[in-house]
Amino acid sequence: MELYIDTANLAEIKEAHAMGVLDGVTTNPSLIAKEGIDYGKRLAEICEVVKGPVSAEVIATEYQAMLKEGRERAKIAPNIVVKLPCTVDGLRACKAFSDEGVKTNMTLCFQPLQALMVAKAGAYLVSPFIGRLDDVAEDGMVLIQQIRQIYDNYGLKTKILAASIRHNKHMVDCAMVGADVATVPFNVIQQFMKHPLTDSGLKKFIEDYKKAFGG
Ligand code: G3P
């Protein structure tokens, strides 16, 4: 399972990268707005650190404008993946980029037919938003399972990128049902190696050793 970080914050990206298991980065307009920095400049900085896929979302919502903006973003670095919304214009742009050999990440996916359509258009990644479905009293994990089943039924190669992950249970459930990738905020990644019994067990080991041998 691949792990991406969901942030535009360079310090977080560097720290997660230093853990040695980071495969890629996703950004979106809200995340870049939080940083208050030029989107293109930040993407170039991210691509200096992470050599795996870096998703760059278009701001445009109309087909031709998406193509123009996506092509500009794709020039930033060879590992840029153009991120487009799961709309009809986004689907058309996805197909055009696939035909040009540019990788796409189809975002804001909330139902399985969006995932089927973008896979048919050659999307490299599809991003179902688990947490936001849970927020409106639906079950985000059901969507991941449905997409997994549909893709497996037809041998569709688009990778399922579980997004809007809020806590460890989301991550465990995604791994259990076979999401290919998860994109996770830094504060959640920081929880992945934590357990109170690890901390107390380690403390006891060191105390016992020092009691017996000093130091
Ligand atoms: O980047 C897309 C997605 O991961 C956003 O998550 O927490 O804003 O629903 P969230």
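These numbers come from a predicted model, not from an experiment. Indexing begins at 1, ligand by ligand and atom by atom, following the structure's order. The residues of the chain are indexed from 1 along the displayed sequence.
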Quiz prompt | Side-chain donor-acceptor contact under 3.5 Å, Thr183 with Thr26 | solution =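 A donor-acceptor contact under 3.5 Å links the two side chains.
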Exercise. Provide the full list of ring-ring contact (aromatic ring centres under 6.0 Å, His included) pairs with a residue in residues 80-126, sequence neighbours left out, each pair given once.
Key: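 ring-ring contact (aromatic ring centres under 6.0 Å, His included) check on residues 80-126 returns Phe110-Phe129.
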Practice problem: Only pairs at least two apart or in different chains count here, so list each side chain to side chain donor-acceptor pair (under 3.5 Å) that has a residue in residues 129-144. | Solution: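 Qualifying pairs: Asp134-His170, Asp135-Arg166.
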Practice problem: Give a yes or no on whether a salt bridge exists between Arg148 and Asp180, defined as a side-chain N under 4.0 angstrom from a carboxylate O. | Solution: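 Here Arg148 pairs with Asp180 in a salt bridge, since their nearest N and O are under 4.0 Å apart.
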Self-check item: Non-hydrogen atoms of Ile76 and Ile80 that approach each other most closely
Solution: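 What the structure gives for the nearest pair is CB-CG1, 4.1 Å.
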Quiz item: Who are the residue neighbours of ligand 1 when the rule is a heavy atom under 4.0 Å from any of its atoms?
Solution: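 Close residues (ligand 1, cut-off 4.0 Å): Asp6, Asn28, Lys83, Phe129, Arg132, Ala163, Ser164, Arg166.
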Practice problem: Applying side-chain contact (heavy atoms from CB on, under 4.5 Å), name anything that partners Met176, two or more places apart in sequence or on another chain. | Solution: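 Listed in chain order: Val172.
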